[in-house]
Undergrad: 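This is the structure I have questions about; it appears just below.
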Amino acid sequence: MRLSRYFLPVLKQNPAEAQIASHRLMLRAGMLRQEAAGIYAWLPLGYRVLRKIEQIVREEMDRAGAIEVLMPTLQLADLWRESGRYDDYGAEMLRITDRHERELLYGPTNEEMITEIFRAYVKSYKELPKNLYHIQWKFRDEQRPRFGVMRGREFLMKDAYSFDVDDERGQQSYNRMFVAYLRTFQRMGLQAAPMRAETGPIGGDLSHEFIVLAQTGESAVFLDRRMLDLPVPGEDVDYEGDLSGIVADWTRLYAATEDVHDPARYERETAEADRLTARGIEVGQTFYFGDKYSRPMKANVSGPDGVERPVQMGSYGVGVSRLAGAIIEASHDEAGIIWPDAVAPFGVGIVSLRPGDAAVDAACERAYAALTATGKEPLLDDTDERPGGKFATMDLIGLPWQLIIGPRGLADGVVELKRRRTGERRTLPLDEALAAISA
RNA sequence: CGGAGUGUGGCUCAGUCUGGUAGAGCACCGCGUUCGGGACGCGGGGGUCGCAGGUUCGAAUCCUGCCACUCCGACCA
């Protein structure tokens, strides 16, 4: 992409309403536009990041055996009356009436709908296990939206739902999602720790919150620092095999958010040197809730014995839009965002210090073509802004690499290559720089 | 939902107390000088001062009502 043709409305000044780093930087970097409280338009740069995050989530869900569907944002109130949640959910649910006076709602989650779909088609244990997920916009009418996309009213969420014939297999499905989450967050360059959680209005008795550690996180967390050294399962993890050992390793050590923190237990189980008090952001939650929805909604399957019984379910959410903010909270400095390579909106920024100079233009075009060909998704700053402004913009939008090409360097046959994360700069011939980026 | 605030050009804000026909910086357009870490000069465009009503010769400014948004707290993917 050439910046001269792109849409990147960066702000030099901090918007007054943005109090936390991710919100401030997303607005300044031209990623977001607030349209109402907790409701945002995703501008091109932000949308590219959102899609990268979404794609990583999708790949790890698929790898773990989940199957993607897409359910609508609007749901019938009657469906929610079946589970009893239409009245329970309260003012957080956005309720809508259509022209025929039918009562609808903008879905805050999809347990009811997925259960309705499941029960319409699946009748036998032979078709299990199944895990269906989608990535769709949700709406929860928060009392107080804040922190930009970290606590929006409208947000993009991945929600998966597992269906099993009995409790034991249900736990196995839970373990598959647990492992998939470890992988998902690691791929985004995050350190995420699973913590035993309250189940809240979704219900059930087994649940973990996945908390990303970030200095500016919204809540305090207490954990055994040895958890941070645990190995995350690789791509070759066997989702058909027994994952209980991995889950056990990741749930053995103490880790708790402040609302469920038990200081006495913490001090008993964790040596003083291993105690880590940090701040965190919840980016995912897993629930195993058995027949909480399948029983009232009569989602039954026949077992090998021919007896019908409620299917055993779990649900597994990831805050996709929240992750964009969480990644920034975990990875930024005074100058701007520092994107992990896997979610960067562009892989490398090429800074032309003198558009119009024949040698500079030629070198930039060569770099642009080469990096495009190798899938590095370059963003070429070919505008006639002054160098200082270009450097500031590149640091702000946080692309992993900056390739700086100007007449002075070219006269000596070199360009400058900067790594955003470390600030390391190297002066070297263009071909070597291109090789270093692709290495 | 309790508490505290703020609404003035795309952004950051001054002007409101003490009423007199709307300003600054940044951004934008034109010209020129510049050009390796957010340059400078000259000229220019852009604002129903959140909305409605009221007081007044005259309202961004005073009064009443409403709306939106933000922050702190309680609550939540």
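The figures here come from the full heavy-atom set of this structure, side chains too, leaving out hydrogens, waters and symmetry mates. Here is how names work: the chains are called A, B, and so on, in the same order as the sequence lines, proteins then strands, and each is numbered from 1.
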Undergrad: Parallel, tilted or perpendicular: which one describes the rings of A/F163 and A/F118, with boundaries at 30° and 60°?
TA: parallel

Undergrad: In terms of heavy-atom contacts, does CZ of A/R169 have more than 12 from other residues, nucleotides or ligands at under 6.0 Å?
TA: no

Undergrad: Just the rounded figure in Å: distance from C1' of B/A77 to CD1 of A/I53.
TA: 14 Å

Undergrad: How is A/G90 classified with respect to the nucleic acid when contacts are heavy atoms under 4.0 Å: base, sugar-phosphate, or nothing?
TA: nothing

Undergrad: Could you check how far CD of A/E17 sits from C1' of B/C13, rounded to whole Å?
TA: 14 Å

Undergrad: Could you let me know what B/G37 is paired to, Watson-Crick or G-U wobble, both distances under 3.5 Å, or none if it's on its own?
TA: none

Undergrad: If we take the P atom in both B/U8 and B/A52, what is their distance in whole Å?
TA: 15 Å

Undergrad: I'd like the P distance from B/C75 over to B/A39, given in whole Å.
TA: 48 Å

Undergrad: Across all strands shown, which nucleotide pairs with B/U18 by Watson-Crick or G-U wobble geometry, both distances under 3.5 Å?
TA: none

Undergrad: Could you tell me how far apart A/E111 (CD) and B/A77 (P) are, to the nearest whole angstrom?
TA: 11 Å

Undergrad: Using purine N1 to pyrimidine N3 plus N6-O4 or O6-N4 for Watson-Crick, or N1-O2 and O6-N3 for G-U wobble, each under 3.5 Å, what pairs with B/U70?
TA: B/A4

Undergrad: For A/E235, enumerate each residue passing the side-chain contact (heavy atoms from CB on, under 4.5 Å) test, keeping only those at least two apart in sequence or located in another chain.
TA: A/R63, A/R183

Undergrad: What's the gap between B/G54 and B/G58 when it is taken at their P atoms, as a whole Å value?
TA: 12 Å

Undergrad: If you look at every strand shown and take non-hydrogen atoms under 4.0 Å, does A/Q143 touch a base, only sugar-phosphate, or nothing?
TA: base

Undergrad: If the C1' atom of B/U18 is compared with that of B/A60, how far apart are they to the nearest Å?
TA: 15 Å

Undergrad: Quickly work out the A/M93 CE to B/C76 P distance and round it to whole Å.
TA: 16 Å

Undergrad: Identify the residue among A/Q402, A/K390, A/E334 that makes a side-chain contact (heavy atoms from CB on, under 4.5 Å) with A/D395.
TA: A/Q402

Undergrad: Suppose we define a pair by two distances each less than 3.5 Å, Watson-Crick or G-U wobble; what does B/U48 pair with here?
TA: none

Undergrad: For B/C11, what is the paired nucleotide under Watson-Crick or G-U wobble rules, both distances under 3.5 Å?
TA: B/G25

Undergrad: Could you tell me which residues satisfy salt bridge (charged side-chain N to carboxylate O under 4.0 Å, His left out) with A/D431, sequence neighbours excluded, listed by chain and number?
TA: A/R366

Undergrad: According to a strict under-4.0 Å criterion, is A/Q34 in side-chain N/O contact with OP1 or OP2 of B/U70?
TA: yes

Undergrad: Map A/G152 and A/A37 onto RNA chain B by nearest heavy atom, then report which one ends up closer to the 5' terminus.
TA: A/A37

Undergrad: Take the protein atom OH of A/Y316 and the nucleotide atom P of B/A77, then report the distance between them rounded to whole Å.
TA: 17 Å

Undergrad: Just the rounded figure in Å: distance from C1' of B/C11 to CD of A/Q13.
TA: 6 Å

Undergrad: Counting only Watson-Crick or G-U wobble pairs whose two distances fall under 3.5 Å, which nucleotide matches B/C75?
TA: none

Undergrad: Verify the neighbour count for atom CZ of A/R295: are there more than 12 heavy atoms of other residues, nucleotides or ligands below 6.0 Å?
TA: no

Undergrad: Got a sec: does the OH of A/Y239 have more than 12 other heavy atoms crowding it under 6.0 Å?
TA: yes

Undergrad: When the distance from CZ of A/F147 to C1' of B/C69 is rounded to whole Å, what number comes out?
TA: 16 Å

Undergrad: Which nucleotides of nucleotides 32-41 of chain B have their base under 4.0 Å from a protein heavy atom (B), which only their sugar-phosphate (S), and which neither (-), written as one string 5' to 3'?
TA: --BSBBBB--

Undergrad: For the C1' atoms, the ones on B/C29 and on B/G46, what distance do you get once it is rounded to whole angstrom?
TA: 11 Å

Undergrad: Is the shortest side-chain heavy-atom distance between A/L434 and A/L403 below 4.5 Å?
TA: yes

Undergrad: Identify, between A/M157 and A/N14, the residue whose nearest nucleotide on RNA chain B lies closer to the 5' end.
TA: A/N14

Undergrad: Taking atom C1' in both B/A59 and B/A22, compute the distance separating them and give it to the nearest angstrom.
TA: 13 Å

Undergrad: For B/U56, what is the paired nucleotide under Watson-Crick or G-U wobble rules, both distances under 3.5 Å?
TA: none

Undergrad: What is the pairing partner of B/C42, taking Watson-Crick or G-U wobble pairs with both distances under 3.5 Å in any strand?
TA: B/G30

Undergrad: State whether the number of non-hydrogen atoms from other residues, nucleotides or ligands found under 6.0 Å of A/R95 atom CZ is greater than 12.
TA: yes

Undergrad: P atom, B/U34 versus B/C40: distance in rounded Å?
TA: 16 Å

Undergrad: Could you tell me whether the phosphate oxygens of B/C71, OP1 or OP2, come under 4.0 Å of any side-chain nitrogen or oxygen in A/Q19?
TA: no

Undergrad: Between atom CZ in A/R33 and atom P in B/C69, what is the gap in whole Å?
TA: 13 Å

Undergrad: How far, in whole Å, is B/U16 from B/C63 if one measures between their C1' atoms?
TA: 14 Å

